[in-house]
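Below: one structure, written as structure tokens.
Below, chains carry the letters A, B, ... as their sequence lines are ordered, and counting in each starts from 1.
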Amino acid sequence: MPELPEVETTRRRLLPHVVGRRIRDVVVRNGALRWPVPRELPRRLRGERVEAIRRRGKYLLFDCAHGHLLVHLGMSGRLTLVAADAPARTHDHVDLRLEGDKVLRLTDPRRFGAMLWLPRPAEGHVLLSGLGLEPLERAFTGSALHKAAKGRRLAVKQFLMDGRVVTGVGNIYASEALFRAGVHPVRGVDRIARASWDRIARAVKETLNHALEEGGTTLRDFASPDGRAGGYQHKRMVYGRDGEACSVCGRRIRCLRQGQRSTFYCPGCQK
DNA sequence: CTTTGCACCTGTTGGC
DNA sequence: TGCCAACAGGTGCAAA
């Protein structure tokens, strides 16, 4: 489910309700996530105050005095703030009971998400240390992409979805950004001109920022912590629109498979 | 080293 | 209507 805009929307909407609060208690109903929720997690978290919530790629980090709570939403995860007496439903796997009568609840039907306790500093953790550029930061440029592509030959769409290169760009926004850049998703990274890398970097930033302004994309079940859906699904140009006419050139949007993922593009606009 | 395909899991959808 | 295959927003890992 969630790519950078959805994770960042989640983070921003949690901030006012969670930062500064203590975690009173932790209830793990089903700890069988991507990695097992550590046995000691409730004991570690109990009594900790959340000092800040940060995002690295698609990971959320809840900074506490003695460590960090790391959360990944996987494919179908979501974090919501619910009332203390809200009954737990089928896929509500973990509750963090907060000071002030709210519960931060992790729901994740497919259980590809993760919840781990990291010693400080979190940056050194193996899951975070190899991550690539943050696409909304200044260092993410055409020349950085050009450099990262040196010696590689894979398709540009798969390159953009490689977290060692750039973090937070998933299947929806990779297709959308390449449409915006006018670059065909199958094009090999060894056959992309320097100027096109600049357009790709700019397109990724613009696409993600646009989606952020809309509060992310809700295709099936994304919702931010207050239960609100995103709005970017109404703005997308190609993702999930195969067969429809391109709103720029009128040609039919097409769909193909790259590495077991669907890719959407416009054969008229993308070369 | 890079690239590819599988694996994890549940729910929904579309074709027959 | 029922059944079953294919697919869904991610990503670490083994194999090629």
Side-chain angles (χ1 to χ4, degrees), chain A residues 1-10 29-37 55-60 70-79 89-94 106-116 125-132 135 147-178 185-191 204 207-208 211-212 214-224 229-236 238-243 255-264:
Chain A
M1 173 205 330
E3 304 181 36
L4 186 151
E6 292 75 35
V7 176
E8 179 64 16
T9 296
T10 298
R29 288 185 204 82
N30 184 355
L33 302 184
R34 168 125 208 213
W35 298 285
V37 174
R55 180 188 57 74
R56 178 73 173 98
K58 297 172 191 168
Y59 290 97
L60 286 173
L70 174 140
V71 177
H72 194 288
L73 298 176
M75 212 64 152
S76 59
R78 86 198 226 197
L79 286 171
R89 317 248 300 252
T90 312
H91 301 295
D92 296 340
H93 304 313
V94 183
L106 175 69
T107 307
D108 184 4
R110 293 180 73 178
R111 289 189 271 119
F112 289 170
M115 190 174 262
L116 299 172
H125 192 272
V126 59
L127 288 175
L128 303 176
S129 62
L131 293 179
K147 204 161 110 192
K150 222 173 192 55
R152 305 192 64 176
R153 324 180 59 121
L154 77 171
V156 61
K157 195 252 192 173
Q158 293 175 286
F159 179 74
L160 286 182
M161 289 179 66
D162 181 349
R164 321 262 124 197
V165 176
V166 47
T167 58
V169 179
N171 207 36
I172 296 178
Y173 299 112
S175 282
E176 292 296 319
L178 287 172
V186 169
R187 179 171 287 274
V189 293
D190 53 334
R191 305 191 340 157
V204 168
T207 302
L208 295 176
L212 259 175
E214 297 292 331
T217 301
T218 299
L219 285 178
R220 5 171 57 82
D221 52 17
F222 170 72
S224 64
Y232 192 76
Q233 62 277 13
H234 305 301
K235 310 283 178 152
R236 79 207 135 97
V238 290
Y239 187 88
R241 292 202 185 282
D242 54 315
C255 178
L256 52 79
R257 302 227 115 226
Q258 291 180 283
Q260 295 95 240
R261 313 301 299 276
S262 295
T263 299
F264 300 89

### Query
For nucleotides 7-16 of chain B, read 5' to 3', which letter fits each nucleotide if B means a protein heavy atom sits under 4.0 Å from the base, S means only the sugar-phosphate is that close, and - means neither?
-BBBS-----
### Task
Report yes if the side chains of A/Gln233 and A/Lys235 come closer than 4.5 Å at any heavy-atom pair, otherwise no.
no
### Query
What is the nucleic acid contact for A/Arg257, judged by heavy atoms within less than 4.0 Å: base, sugar-phosphate only, or nothing?
sugar-phosphate
### Query
Touch check for A/Phe222, heavy atoms < 4.0 angstrom, all strands: base, sugar-phosphate only, or nothing?
base
### Summary
A/Phe264 CZ to C/dC7 C1', in whole Å, measures 10 Å
### Task
Taking side-chain contact (heavy atoms from CB on, under 4.5 Å) as the test, write out the residues that go with A/Ala223, two or more places apart.
A/Arg78
### Summary
Between CG of A/Leu73 and P of C/dG10 the distance, given in whole Å, is 11 Å
### Partner set under side-chain contact (heavy atoms from CB on, under 4.5 Å) for A/Arg153, not counting sequence neighbours
A/Asp190
### Task
Write down the distance between CH2 (A/Trp35) and C1' (C/dG10), rounded to a whole number of angstrom.
10 Å
### Summary
All stems that DNA chain B takes part in, i.e. 3 or more consecutive Watson-Crick or G-U pairs with distances under 3.5 Å, are B:2-8 with C:10-16, B:10-16 with C:2-8
### Query
Who pairs with A/Lys157 by side-chain contact (heavy atoms from CB on, under 4.5 Å), at least two apart in sequence or on another chain?
A/Met161, A/Asn171, A/Ala174, A/Ser175, A/Leu178, A/Pro185, A/Gln258, A/Arg261, A/Thr263
### Query
With a 4.5 Å limit on heavy-atom distance, are the side chains of A/Val94 and A/Asn30 in contact?
no
### Task
Please state how far atom CG in A/Leu131 lies from atom C1' in C/dG12, giving the value in whole angstrom units.
12 Å
#### Entry: Summary of ring pair (Phe, Tyr, Trp, His ring centres under 6.0 Å) pairs that have at least one residue in residues 150-172 of chain A, sequence neighbours excluded
A/Phe159-A/Trp197
### Query
Among all residues two or more places apart in sequence or in another chain, which pass the salt bridge (Lys or Arg N to Asp or Glu O under 4.0 Å) test with A/Asp242?
none
### Query
With side chains defined as the heavy atoms from C-beta onward, is the minimum distance between A/Lys58 and A/His72 less than 4.5 Å?
yes
#### Entry: Nucleotide C/dA8, atom P - distance to CD of A/Glu3 in whole Å
13 Å
### Message
Would you measure the distance from the P atom in C/dC3 across to the matching atom in B/dC9 and give it in whole Å?
### Response
24 Å
### Task
Could you state the atom-to-atom distance from CG of A/Asn171 to P of C/dA8 in whole Å?
7 Å
### Query
Is there a side-chain polar atom (N or O) of A/Ser262 under 4.0 Å from OP1 or OP2 of C/dA8?
yes
### Query
Under the side-chain hydrogen bond (donor to acceptor under 3.5 Å, both in side chains) test, which residues partner A/Arg257, sequence neighbours left out?
A/Ser262
### Task
Rounded to the nearest angstrom, tell me the gap between atom CG in A/Leu128 and atom C1' in C/dG12.
14 Å
### Query
How is A/Asp108 classified with respect to the nucleic acid when contacts are heavy atoms under 4.0 Å: base, sugar-phosphate, or nothing?
nothing
#### Entry: Residues in salt bridge (Lys or Arg N to Asp or Glu O under 4.0 Å) contact with A/Arg56, at least two apart in sequence or another chain
A/Glu134
### Task
Pull out every residue in residues 152-170 of chain A that has a heavy atom closer than 4.0 Å to any atom of DNA chain C, ordered by number, or say none.
A/Arg164, A/Gly170
### Partner residues of A/Ser76 under the side-chain contact (heavy atoms from CB on, under 4.5 Å) criterion, sequence neighbours left out
A/Asp108, A/Pro109, A/Arg110
### Query
Heavy atoms under 4.0 Å, any strand shown: does A/Tyr59 hit a base, just sugar-phosphate, or nothing?
sugar-phosphate
Report, one line per pair, each donor and acceptor closer than 3.5 Å where one atom sits in a side chain of residues 214-221 of chain A; sequence neighbours left out.
from, atom 1, to, atom 2, distance (Å)
A/Thr217, OG1, A/Tyr173, OH, 2.6
A/Thr218, OG1, A/Phe222, O, 3.0
A/Thr218, OG1, A/Gly230, N, 2.7

#### Entry: Between C/dG10 (P) and A/Gln258 (CD): distance, integer Å
14 Å
### Task
Describe the nucleic acid contact of A/Leu219 in one word from base, sugar-phosphate, nothing, applying a heavy-atom distance below 4.0 Å.
base
